[in-house]
Amino acid sequence: MIDIKLIRENTEAVREAMEKVGAEPGLIDRAKELDERWREKNAEVERMRARLNRESKKVKSAPKDVRQSIIDDLRSLGDKIDSLNAEADSTGSELRDVMLNIPNMPDPDVPVGKGEEENVVLRTEGTFPDFEPGFQPRPHWDICTELGIIDFERGAKISGSRFYVLMRNGAKLQRALISWMIDLHVSQHGYTEVYPPAIVQEKCLYGTGNLPKFAENLYKDAEEDLWLIPTAEVPLTNLHREEILSAEDLPLCYTAYTPCFRREKMKAGTDVRGIKRGHQFDKVELMKYVKPENSNAELEKLLDNAEEVCRRLELPYRITQMCTGDLSFVAAKKYDIEIWAAGCEEWLEVSSCSNFRDFQARRAEIRYRPAPQEKPEYLHTINGSGLALPRVMIAVIENYQQPDGSVTVPDILRPYMGGLEKICET
RNA sequence: GGAGGGGUGGCUGAGUGGACGAAAGCGGCGGUCUUGAAAACCGUUGGGGCGCAAGCCCCCGUGGGUUCGAAUCCCACCCCCUCCGCCA
């Protein structure tokens with residue numbers, strides 16, 4: 001949530017920001033109006049309640065003969081308060097509903113643009129694979145089926161479309177990547193390893209901003225208030241929900257491996273081949289709780305930590321910055337890391353690194369105390385993948401493929417693969 | 001899933017209808033004393049909302065209810081602990 005005070009006091013600036021991200025402009029006017037109405041009603045309720053409290057204290061010592069009439073008066077005052085308070089409450093919850101649907105404000109340095117096509121490629125890194133002249137690199141679904149390390153048909157048989165089964169060295173490669181990435185972030189970048197629940201309560205998803213707007217992308221338990229996480233960002237951000245942290249605890253840096261579940265309902269029909277976009281996938285996530293004044297720098301560091309995975313795997317990648325029109329609902333600034341996959345000839349998004357500023361912190365009530373005795377303030381949250389497994393697998397398999405159909409194991413992963421140098425048909 | 005016990009401020013823990021946003025102790029912060037530190041002593045110390053301010057309102061697991069008035073009484077739910085059952 002953005003600060004309601006911004007809407008009250010800087011209405012025009014908020015309107016401009018909403019224009020840039022392509023949000024419905026009426027939301028701001030609606031919020032402003034509801035806020036004014038709520039404050040009026042609430043102030044009235046509080047004035048009446050003050051009177052009720054004051055008079056109630058007198059009842060005990062009131063002379064017997066007037067006592068009953070005072071009580072009668074107060075009872076009717078109480079009834080009035082109840083009904084006016086109900087109005088105030090419903091206005092308040094209407095306001096909250098509107099606020100929950102207002103997206104974050106973009107940072108001033110985010111390029112203005114309407115959509116995906118106006119994102120900016122900041123830089124391209126690494127070297128592209130050097131295949132023999134005349135060799136046409138193949139897509140991973142062909143390579144992996146032939147090697148017997150991914151079984152698409154049986155995945156569909158068990159669970160339907162957009163599911164697959166990793167087999168043998170395919171499963172092992174994923175496991176190696178997970179372990180190696182976590183080790184890298186813990187030992188080289190100073191993150192704390194976490195294994196959180198992959199099923200969470202609804203309020204967690206409000207905290208991160210997945211709800212109320214994006215329910216159609218999520219799986220949920222039909223009977224209980226429990227939802228499958230679409231990313232580890234959800235449990236990691238809720239780890240400190242409704243807490244007040246002390247300044248010296250910050251930054252808190254977490255890394256977690258979890259499965260992720262997405263209904264992908266909106267994307268039906270696209271990317272159905274291969275393992276690029278499944279309903280279930282695995283991810284190693286990076287997440288930070290930081291002081292507001294450090295969030296710019298911390299985002300750059302997190303991006304660099306995620307990039308380190310690409311560098312050490314020696315994969316070609318590029319960094320793009322999202323324009324205002326392609327920012328997520330919650331992000332104030334966002335970079336994507338995309339790895340080049342030589343077989344399907346695509347830049348694959350393997351990480352989105354975002355600064356949410358206090359947007360999620362406000363929703364999830366995560367604060368910190370700048371100094372002892374000082375008032376708590378909302379902190380900033382930052383998050384990015386480090387990295388998403390299936391797409392890194394695609395890139396490794398397609399970029400390290402050999403003309404004989406085998407796949408060379410990147411040097412850095414060999415210790416995690418029992419020394420295996422090459423994945424061959426088995 | 002069944003039975004019993006319990007959820008109060010950073011922590012321990014009192015509080016069974018009005019003077020309680022809450023005793024006391026510990027911890028934290030500030031000060032006195034001291035060359036410095038410790039001890040001792042004094043003061044201070046939860047969160048939120050509205051308001052220029054004075055101030056007012058709300059919060060004792062959560063949500064309802066009773067009452068002029070609820071931390072305190074009633075109902076429902078949640079969580080934790082112990083025992084039994086089941087189970088990877």
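Chain identifiers are assigned alphabetically (A, B, ...) following the order of the sequence lines, protein sequences preceding nucleic acid strands; residue numbering begins at 1 within each chain.
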In this structure, how many angstroms lie between the C1' atom of B/G61 and the CZ atom of A/Arg241, rounded? 14 Å
Whole-Å distance separating the CZ atom of A/Arg54 from the C1' atom of B/C56: 9 Å
What's the gap between B/G6 and B/A71 when it is taken at their C1' atoms, as a whole Å value? 16 Å
When the P atoms of B/G4 and B/C75 are considered, how many whole Å apart are they? 14 Å
Does B/A71 have a Watson-Crick or wobble partner in any strand here, with both distances under 3.5 angstrom, and which is it? none
Which comes earlier along RNA chain B counting from the 5' end, the contact point of A/Arg49 or that of A/Ile71, where each point is its nearest nucleotide? A/Arg49
Taking atom C1' in both B/C11 and B/G48, compute the distance separating them and give it to the nearest angstrom. 23 Å
Salt bridge check: are A/Arg37 and A/Glu40 linked by an N-O gap of less than 4.0 Å? no
Is the ring centre of A/Tyr289 less than 6.0 Å from the ring centre of A/His240? yes
What is the distance, to the nearest angstrom, from the CG atom on A/Asp249 to the C1' atom on B/G10? 13 Å
Pairwise P distance, B/G65 and B/C58 [rounded to whole Å]: 16 Å
Across all strands, who's sitting opposite B/U34 as a Watson-Crick or G-U wobble pair, both distances under 3.5 Å? none
Once you apply the 3.5 Å cut-off to both distances, tell me the Watson-Crick or G-U wobble partner of B/A54, or none. none
Under 4.0 Å between any heavy atoms, over every strand shown, what does A/Asn53 touch: base, sugar-phosphate, or nothing? Just pick one. sugar-phosphate
Beyond-backbone contact of A/Asn294 with A/Lys291, side-chain heavy atoms, under 4.5 angstrom: yes
Protein-nucleotides 18-22 of chain B N/O pairs under 3.5 Å:
from: B/G18; atom 1: N2; to: A/Ser56; atom 2: O; distance (Å): 2.7

Can you list the steps and then say if A/Glu338 with A/Leu348 is a side chain to side chain contact (heavy atoms under 4.5 Å, CB included)? CA-CA 5 Å; A/Glu338 299 173 319; A/Leu348 299 174; 6.0 Å; no
What's the CG-P distance between A/Leu77 and B/C68, to the nearest Å? 12 Å
With a 4.0 Å cut-off on N to O distance, would you call A/Arg75 and A/Asp79 a salt bridge? no
Does any nucleotide pair with B/C11 by Watson-Crick or G-U wobble geometry, both distances under 3.5 Å, and what is it? B/G25
Is a side-chain N or O of A/His380 found less than 3.5 angstrom from the main chain of A/Ser295, in a donor-acceptor match? no
Please list each protein N or O that sits under 3.5 Å from an N or O in nucleotides 48-54 of chain B, with the distance.
from: B/G48; atom 1: OP1; to: A/Arg367; atom 2: NH1; distance (Å): 2.8
from: B/G48; atom 1: OP2; to: A/Lys375; atom 2: NZ; distance (Å): 3.4
from: B/G49; atom 1: N2; to: A/Glu46; atom 2: OE1; distance (Å): 2.9
from: B/C50; atom 1: OP1; to: A/Arg8; atom 2: NH1; distance (Å): 3.3
from: B/C50; atom 1: OP1; to: A/Arg8; atom 2: NH2; distance (Å): 2.9
from: B/G51; atom 1: OP1; to: A/Arg39; atom 2: NH1; distance (Å): 2.6

Count the heavy atoms belonging to other residues, nucleotides or ligands that lie under 6.0 Å from CZ of A/Arg51, then report whether that count exceeds 12. no
Rounded to whole Å, the CZ-C1' distance (A/Arg47 to B/C56) equals 10 Å
In whole angstrom, what separates A/Glu242's CD from B/C79's P? 15 Å
Apply side chain to side chain donor-acceptor pair (under 3.5 Å) to the pair A/Thr11 and A/Lys32, showing each step before the final yes or no. CA-CA 8 Å; A/Thr11 317; A/Lys32 197 175 164 93; 2.9 Å; yes
With rounding to whole Å, what would you report as the distance between B/G31 and B/G17 at their P atoms? 44 Å
Decide if the gap between the ring center of A/Phe214 and the ring center of A/Phe329 is smaller than 6.0 angstrom. yes
Within this structure, what is the CG-to-C1' distance between A/Asp82 and B/C57, rounded to whole angstrom? 15 Å
Distance check, C1' atoms only: B/C52 and B/U44, in whole angstrom units. 28 Å
Mind checking the C1' distance from B/A19 to B/C33? Whole angstroms is fine. 38 Å
So do the side chains of A/Ile382 and A/Met287 get within less than 4.5 Å of each other, counting heavy atoms only? no
Should we count CD of A/Glu374 as having more than 12 external heavy atoms under 6.0 Å? yes
In whole angstroms, how far is the C1' atom of B/G9 from the CD1 atom of A/Ile244? 12 Å
Between B/G25 and B/G9, how many Å separate the two C1' atoms, rounded to a whole number? 14 Å
Using Watson-Crick geometry (N1-N3 plus N6-O4 or O6-N4) or G-U wobble (N1-O2, O6-N3), each under 3.5 Å, B/G46 is paired with B/C59
